[in-house]
Amino acid sequence: MINVTFTPQGKLVDGSVGKPVVYTFKAAPVAPPGGYPYSDPNGGGRTTLGADWPYHSTNFNDLPLGRYTLTVTATLPDGSKRPLKLGLTDGDVEHDSVTVRWVPWDDFNPASYSGGGIRQVKVYVRD
């Protein structure tokens with residue numbers, strides 16, 4: 001299992017006190033039958049959060065706006081927990097946690113997208 005935890009840093013954007021939000025995922029095998037379309041058929045050392053997700057990633061929707069400390073933990077087959085490394089760029093995935101904050105999407109064009117106006121944040125995770 002993979003636990004993704006967003007812990008608020010102070011009050012949310014509306015002034016309320018936030019609570020930690022935890023998302024739990026079942027980890028897919030490192031080497032599913034037939035491999036992944038973009039990787040070595042043996043898995044290439046990757047464990048993915050979900051074998052059926054496009055690009056082996058997910059979006060977190062409906063998270064209250066605020067600044068968060070993000071941590072990710074894997075529960076191993078023996079029941080022990082292992083923190084995973086994180087980064088905000090694919091070349092710097094060496095941190096125990098990262099700060100996630102929401103900022104306006106500078107190039108947002110309401111004519112081509114519905115709702116929102118918040119820039120997407122990408123977080124990279126590794127073991």
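Values in this document were obtained by computation on a predicted structure and should not be read as measured data. Hydrogens, waters and symmetry mates are skipped; everything else that's a heavy atom, side chains included, is used. The first residue in the sequence is number 1, and the count goes up from there.
Residue Met1 is not grouped with residue Val21 when hydrophobic side chains (ILVMFWY) are merged at heavy-atom distances under 4.5 angstrom, including chains of intermediate members. Cluster membership for Leu70 and Leu63, using ILVMFWY side-chain heavy atoms within less than 4.5 angstrom, is shared. Hydrophobic clustering (side-chain heavy atoms under 4.5 Å, transitive across Ile, Leu, Val, Met, Phe, Trp, Tyr) groups Val123 together with Tyr23. Cluster membership for Tyr124 and Val100, using ILVMFWY side-chain heavy atoms within less than 4.5 angstrom, is not shared. Leu86 and Leu88 fall within a single hydrophobic cluster, where Ile, Leu, Val, Met, Phe, Trp and Tyr side chains are chained together by heavy-atom contacts under 4.5 Å.
Heavy-atom minimum distance, Gly66 versus Leu12: CA-CD2, 4.2 Å. Residue Ser97 comes nearest to Thr71 through the heavy atom pair CB-CG2, 3.7 Å, listed as atom of the first residue, atom of the second, then distance. Shortest non-hydrogen contact noted between Asn3 and Thr75 is ND2-OG1, 4.3 Å. Heavy atoms only, all atoms of each residue included: Gly18 and Pro8 are closest at C-CG, 3.6 Å.
Between Asp96 and Lys85 there is a salt bridge, since at least one side-chain N of the basic residue sits less than 4.0 Å from a carboxylate O of the acidic one.
For the pair Asp14 and Leu65, the minimum side-chain heavy-atom distance is 4.5 Å or more. Looking at Val98 and Tyr68, their side chains never come closer than 4.5 Å, going by heavy atoms from C-beta outward. The shortest distance between side-chain heavy atoms of Thr73 and Thr5 does not fall below 4.5 Å.
Atom NZ of Lys122 and atom CG of Asp90 lie 9.0 Å apart (nearest 0.5 Å). Atom NZ of Lys19 and atom OG1 of Thr7 lie 13.5 Å apart (nearest 0.5 Å).
Annotation: Arg126, atom CZ; neighbour count of heavy atoms from other residues, nucleotides and ligands within 6.0 Å is above 12.
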